[in-house]
Amino acid sequence: MREPAIPGFFRLCLLAVTGWLLAGASLAEVVELEMAGGLPATAELLEGDAEGADPVLILHGFLQTREFATVRRLGEALNEAGYMVLLPTLSLGVPRRSQSLQCEALHLHDLDGDGREVARWVEWLSRRTGRRVAVIGHNAGGAC
């Protein structure tokens with residue numbers, strides 16, 4: 001069975017929209033840091049181009065990840081405004097954690113350890129940029 005042909009005009013529109021979306025997308029880099037006990041944790045770094053702007057670290061809500069919609073959209077909006085943005089996912093005791101945890105899950109972390117992870121990311125970002133870091137915490141993530 002033959003695939004239906006896409007008319008030339010619509011193909012051109014599809015290519016134009018795809019190019020426009022890709023051109024507007026931020027280049028992100030996934031970085032990894034070793035936390036206490038050798039536990040690897042990851043973050044997404046969105047490079048910024050606003051001269052003299054302090055970098056921003058946005059922390060997800062408790063048990064969430066950097067993919068949490070509120071955190072993701074805020075990070076992308078700040079990055080589009082020129083800010084360098086770091087979106088870490090706290091390990092919560094899980095190496096390279098990439099999924100949210102359920103409240104009922106076995107918790108391999110404590111609030112003090114979570115706070116030390118946030119401090120480690122702030123220190124890393126400050127050293128990388130040579131600037132003070134603005135920290136935004138969503139929901140219970142702000143308690144760290």
Side-chain angles (χ1 to χ4, degrees), residues 1 3-6 10-144:
M1 178 176 220
E3 299 263 336
I6 299 175
F10 292 111
R11 187 178 321 182
L12 181 62
C13 289
L14 180 61
L15 288 172
V17 167
T18 302
W20 175 72
L21 289 173
L22 291 175
S26 298
L27 294 179
E29 170 189 2
V30 175
V31 294
E32 186 172 294
L33 281 182
E34 188 175 300
M35 299 298 164
L39 188 69
T42 62
E44 186 171 333
L45 179 66
L46 304 171
E47 291 288 347
D49 58 10
E51 192 171 322
D54 290 336
V56 180
L57 181 149
I58 305 175
L59 186 61
H60 54 78
F62 193 60
L63 304 181
Q64 296 296 320
T65 70
R66 66 178 173 262
E67 296 303 328
F68 184 66
T70 303
V71 168
R72 168 72 46 200
R73 284 193 292 257
L74 178 58
E76 289 172 354
L78 286 170
N79 184 247
E80 286 172 12
Y83 290 90
M84 175 184 283
V85 177
L86 185 69
L87 302 170
T89 293
L90 293 182
S91 73
L92 305 183
V94 178
R96 295 179 189 90
R97 186 172 72 87
S98 61
Q99 295 180 345
S100 297
L101 289 181
Q102 297 297 318
C103 290
E104 303 82 22
L106 177 63
H107 291 275
L108 305 173
H109 65 103
D110 59 29
L111 193 56
D112 289 338
D114 298 343
R116 286 189 296 275
E117 279 194 30
V118 173
R120 176 95 166 89
W121 283 115
V122 169
E123 177 187 354
W124 177 85
L125 187 55
S126 180
R127 284 187 179 172
R128 179 178 175 116
T129 62
R131 301 192 58 85
R132 290 174 36 141
V133 176
V135 178
I136 300 171
H138 177 266
N139 199 349
C144 294

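Sequential numbering from 1 along the given sequence is applied to the chain's residues. Heavy atoms only: backbone and side chains are in, while hydrogens, waters and symmetry mates are out.
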Quick one: closest heavy-atom pair of [X] and [Y], and the distance?
{"X": "P88", "Y": "I58", "value": "CD-O, 3.4 Å"}
{"X": "L87", "Y": "G75", "value": "CD2-CA, 4.4 Å"}
{"X": "H60", "Y": "V71", "value": "CA-CG2, 3.5 Å"}
{"X": "V85", "Y": "N79", "value": "CG2-N, 3.9 Å"}

Rounded to the nearest 0.5 Å, what's the gap from [atom1] on [X] to [atom2] on [Y]? Could you check?
{"X": "W121", "Y": "L57", "atom1": "CH2", "atom2": "CG", "result": "9.0 Å"}
{"X": "Q64", "Y": "L92", "atom1": "CD", "atom2": "CG", "result": "10.0 Å"}
{"X": "R66", "Y": "L59", "atom1": "CZ", "atom2": "CG", "result": "12.0 Å"}

Point to revise | Step-by-step side-chain contact (heavy atoms from CB on, under 4.5 Å) determination, L45 to R128 | key: CA-CA 11 Å; L45 179 66; R128 179 178 175 116; 3.4 Å; yes

Review point. Does some side-chain heavy atom of I136 sit less than 4.5 Å from a side-chain heavy atom of L78?
Key: yes

Point to revise | pair E44-E67: side-chain heavy atoms closer than 4.5 Å | key: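 Answer yes - side chains close enough.
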
Exercise for review: Count the heavy atoms of every other residue, nucleotide or ligand shown that sit under 6.0 Å from OH of Y83, and state whether that count exceeds 12.
Suggested key: no

Review point. Heavy-atom count around R131 CZ within 6.0 Å, excluding the residue itself: above 12?
Key: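 Result for CZ/R131: enclosed.
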
Check your understanding: After noting the C-alpha distance and the side-chain angles of W124 and V31, does the key distance pass the side-chain contact (heavy atoms from CB on, under 4.5 Å) rule?
Key -> CA-CA 10 Å; W124 177 85; V31 294; 4.0 Å; yes

**Study point:** R96 side-chain N/O to E32 backbone N/O, donor-acceptor pair under 3.5 Å
**Key:** no

Check your understanding: Is the backbone N or O of L125 less than 3.5 Å from a side-chain atom of T129, with the two atoms forming a donor-acceptor pair by type?
Key -> yes

**Study point:** Pair L33-R120, side-chain contact (heavy atoms from CB on, under 4.5 Å): steps then yes or no
**Key:** CA-CA 8 Å; L33 281 182; R120 176 95 166 89; 3.9 Å; yes

Review point. What's the verdict on side-chain contact (heavy atoms from CB on, under 4.5 Å) for V122 and V118, showing C-alpha distance, side-chain angles and the deciding distance?
Key: CA-CA 6 Å; V122 169; V118 173; 4.3 Å; yes

Check your understanding: Can a salt bridge be assigned to the pair R97 and E117 using a cut-off of 4.0 Å between side-chain N and carboxylate O?
Key -> no

